[in-house]
Protein chains: 2
Amino acid sequence: MRKNPTVQRESLGAAVLQVRSGRATSRTTLSRALGISPSTTGLYVDHLIAANFLNESGLNQGAMGRPRRTLTTHPEAGWFAGVEFNAQRIQAVGVDFSGRLKTTVEVILPSEVLAGQVIKSILACVARLAETMQGPLLSVGLGVPGLVDVQAGVGLYFAFIPDWQQVPLVELLGSKLKVPVILQNNLRAIALAERWFGLGHGLSVYVILGPRSGFGIAMVQEGRVIEGAQHAAGEVGRWPWPLSEGVGNSHTLHHALSAPATWRRLAGVDGQAKLPEDLRAGLAALADAAGPEWDAVCADYARVIGMLHLVLNTGVFILHGPLTMLGERFCHSITESALTQMPSLRDTGLKVVPSTLGDNAGALGAASLAMEAWLPG
Amino acid sequence: MRKNPTVQRESLGAAVLQVRSGRATSRTTLSRALGISPSTTGLYVDHLIAANFLNESGLNQGAMGRPRRTLTTHPEAGWFAGVEFNAQRIQAVGVDFSGRLKTTVEVILPSEVLAGQVIKSILACVARLAETMQGPLLSVGLGVPGLVDVQAGVGLYFAFIPDWQQVPLVELLGSKLKVPVILQNNLRAIALAERWFGLGHGLSVYVILGPRSGFGIAMVQEGRVIEGAQHAAGEVGRWPWPLSEGVGNSHTLHHALSAPATWRRLAGVDGQAKLPEDLRAGLAALADAAGPEWDAVCADYARVIGMLHLVLNTGVFILHGPLTMLGERFCHSITESALTQMPSLRDTGLKVVPSTLGDNAGALGAASLAMEAWLPG
DNA sequence: GGCTTTTTATTTGAATGCGAAAAAACCCCA
DNA sequence: TGGGGTTTTTTCGCATTCAAATAAAAAGCC
């Protein structure tokens, strides 16, 4: 046994992330993934096994040579909470130390809810998760709607919760939970969820499309989420729309391509028509629709996506939110329409795909935040 | 005197960059800028002074305490070449080790020039620079038009040089020049020039607007240039335009807002009118123009910039190319128009400014590439 | 001038991380 | 059964880097 020097917590945290993600399964692969020497990697692993964060689970014989001693994260070393909310509901997930989703909790918020009540409910959700999770809570990730100051840990502004201004979330939650609390805008958190749990796995460049009550996007370039100078990148919903409209009026992409607006257009009802009780079900019923409305909606999405693709040269667009109920066919129609409208995009790998993560993508993304921020020790 | 251990070349290169940029002026400030300990910083500086890359130039007394021993780069330790070209001309600059522009060379290319001839001319330009520069050539940066594979060192495609496809520039030039050769798209190189020599100095988020024969942009987020999945980010020029146009026809932003198109619109002549011999002078003559054409052009620019700002939340847009001849007033009009068209942008710090770098911004950007890539030893 | 205060630079011993070589663990093949 | 080949892991000595203490250089103040 080697002697046991102290090592940098950051390095150990990075090592755990590599093992948990499956990118590294042995000391040698971990050494390559981290870009550090095999000898140092061995020390790290010793340390992490001694602390019960990693396990050695048997051998894995390659084509030849000494078999690698498989490294896995110890699932019961602790757990991470991921919480996402908006003005209607809170979704929370509990994720074990191996990054597997174990428990979900959902709470419907009363209408006209205020910030204080949201925070109380978040704490209650985490407490309920704790009942079923193994080991200690290690950190909490929070997917926050609206503008978020990630560094300061403050929710800056969200239109649909009346007093949601300058809410010091990290301070309020951290003091109660006694673990690190990490914030991110909820759509940008989803981008992280795709990296950990979904289609963004190997990708370093992609865009999340989030048509819900509005229309926002989250952009990932070289593995990094684009924040913008005031944490407000991705506000495509405020583009004038239709693009031919004179400016200065209130026609925006929000109004044309949000999830409710899309349902209205596909269902052929006017702006006053009441939305279905369950928008997702309403949209699912339209998945086989056809005709000029379908084509027009797809053409609009294609126009936006094509323009974004020209700016960012992104490749993959991942569709999130209720509209995923329209299925693969919707995404395929959009891709086709974009290539028809802008033929020069044909060789640029433009692709629109529906997310496979389902309804709690935001909470999973928040849990990803928590996992990425955690450090051993 | 301390003993003289070998140190990492990368660290030494980073230290030189900090001193050259003026962000670090003494051992202590350098230590903070690099995020390493004062003791190690002292070793680095010893090393670099011994190798004649840095100088100690006197003392600088602060408000109190021991005065800092001012560090400067040694101007004659060597020089960097920056070369930018398009189908018409090559511009090359020689920059001394302190980052000061010393010599410029311009060569007009014959029409229908081919790749081989361009490369020969580039080598000739560097040779002419060498006649006036002090010390050895250390590295060469190249601002390449069209698509560029930065990692592979290959110019992929450029429409206006007939056989410009898969040109192995780093291989071709490096084998002759015997120094590192670094590529970047010419507009993205300009983004670096702004960081070193211009308005991007303290900024970590900004956009370069490059209306020339077409219309491209270069985006910087958190100090990093956005490349895109296929090195093709920033192709805004291929947006359909006017936005109200039906798609599928050839109306693009290239045609509406390129430098020649802008001149035609402002001068009130039709698409067939001959361009002035010197487009810059022609544009300068219009700098005091007024009336509906002026407003319409500004409104178009404002529309594009506003939409980009919503996507990227960028803050500062730096205007490059011939249109800078339209002056501050043009940029001011655009900013005003954007805020009128999209009032919600008012508090987001949106600002359009003309570059102060002048005509050889591209070559200066290429020189920045060279400086950033160089390592001592 | 001598004293304290403040900031910068250097020395020193300790430790973290690396490279190279050795050891280990498996395969294949005779 | 044992040797050669291959890949993984560990050992070991060394070097780069750090933290802490120390030295240095000035201003301010009495």
Side-chain angles (χ1 to χ4, degrees), chain A residues 1-16 18-19 22-51 54-72 375-377, chain B residues 1-16 18-19 22-51 54-72 375-377:
Chain A
M1 193 62 185
R2 281 166 284 213
K3 53 185 179 294
N4 200 339
T6 58
V7 291
Q8 301 288 344
R9 293 176 67 209
E10 284 78 10
S11 309
L12 292 179
V16 170
Q18 294 293 331
V19 173
R23 275 190 291 271
T25 56
S26 71
R27 285 162 174 78
T28 306
T29 51
L30 179 58
S31 158
R32 277 195 287 268
L34 292 172
I36 61 179
S37 72
S39 39
T40 308
T41 308
L43 291 173
Y44 285 8
V45 171
D46 285 355
H47 204 89
L48 289 166
I49 289 176
L54 295 186
N55 282 334
E56 278 184 342
S57 54
L59 302 178
N60 181 329
Q61 182 59 53
M64 210 177 272
R66 176 171 173 172
R68 49 195 75 176
R69 295 160 73 178
T70 311
L71 297 175
T72 51
L375 296 176
Chain B
M1 192 63 183
R2 280 165 283 211
K3 55 184 162 358
N4 200 341
T6 59
V7 291
Q8 300 289 344
R9 294 176 67 209
E10 284 79 10
S11 309
L12 291 180
V16 171
Q18 294 293 330
V19 174
R23 276 191 291 271
T25 57
S26 72
R27 285 161 173 79
T28 306
T29 51
L30 179 58
S31 159
R32 276 195 287 268
L34 293 172
I36 61 179
S37 73
S39 38
T40 307
T41 308
L43 291 173
Y44 285 8
V45 172
D46 285 354
H47 204 90
L48 289 166
I49 289 177
L54 294 186
N55 282 333
E56 277 184 343
S57 55
L59 301 179
N60 181 328
Q61 182 59 53
M64 207 178 276
R66 176 172 172 173
R68 51 195 76 178
R69 293 159 73 179
T70 311
L71 298 174
T72 51
L375 295 177

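Naming convention: chains lettered A, B, ... in sequence-line order (proteins, then strands); numbering from 1 in each chain. In this text the structure is predicted, and so the values were computed from the model without any measurement. Side chains included, hydrogens not; waters and symmetry mates left out as well; all remaining heavy atoms used.
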Smallest heavy-atom separation, A:Pro376 atom then A:Arg9 atom, equals O-NE, 2.9 Å
For the atom pair CG (A:Asp46) and OG1 (A:Thr41), what is the distance rounded to the nearest 0.5 Å?
-> 11.0 Å
To the nearest Å, give me how far apart CG (B:Asn60) and P (D:dA24) are.
-> 22 Å
Round to the nearest Å and state the distance from A:Gln8 atom CD to C:dA15 atom C1'.
-> 10 Å
About how many Å separate CG of A:Leu43 and NE2 of A:His47, when rounded to the nearest 0.5 Å?
-> 10.0 Å
note: A:Arg9, atom CZ; C:dT16, atom P; distance rounded to Å ~ 15 Å
So which nucleotide from D:dT8, C:dG17, D:dC18 ends up closest to the side chain of A:Ser11?
-> C:dG17
Is any side-chain N or O of B:Thr28 closer than 4.0 Å to OP1 or OP2 of C:dA9?
-> yes
Listed nucleotide nearest any side-chain atom of A:Tyr44, set D:dT9, D:dC18, C:dG17 | C:dG17
Set out, line by line, the N/O atom pairs under 3.5 Å between protein and nucleotides 25-29 of chain D.
from   : atom 1 : to      : atom 2 : distance (Å)
D:dA25 : N3     : B:Arg66 : N      : 3.2

Rounded to whole angstrom units, what separation is found between the CD1 atom of A:Ile36 and the C1' atom of C:dG19?
-> 14 Å
Contact list for residues 55-64 of chain A, test salt bridge (Lys or Arg N to Asp or Glu O under 4.0 Å), sequence neighbours left out | A:Arg27-A:Glu56, A:Glu56-A:Arg69
Would you kindly give the CG-to-P distance between B:Leu43 and D:dA15, to the nearest whole Å?
-> 15 Å
Compare the minimum distances between each of D:dT10, D:dT8, C:dG17 and the side chain of A:Arg32, then state the nucleotide with the smallest one.
-> D:dT8
Checking only heavy atoms, does the side chain of B:Ser39 share a donor-acceptor pair with the base of C:dA9 at less than 3.5 Å?
-> no
Output the distance between atom CZ (A:Arg66) and atom CD (A:Gln61), rounded to the nearest 0.5 Å.
-> 11.0 Å
Starting from C1' on C:dT10, measure out to NE2 on B:His47 and report it in whole angstrom.
-> 18 Å
So what does B:Thr40 touch, heavy atoms closer than 4.0 Å: a base, only the sugar-phosphate, or nothing?
-> base
Donor-acceptor pair, side chain of B:Ser31 and main chain of B:Ile36, under 3.5 angstrom | yes
Any side-chain donor near an acceptor of the partner, A:Ser26 and A:Thr28, under 3.5 Å = no
Could you state the CZ-C1' distance from A:Arg27 to C:dA23, rounded to the nearest angstrom?
-> 14 Å
Which of C:dT8, D:dA19, D:dT9 is nearest the side chain of B:Arg68? It is C:dT8
Which of the following nucleotides, C:dC18, C:dA9, D:dT9, is nearest to the side chain of A:Arg69?
-> D:dT9
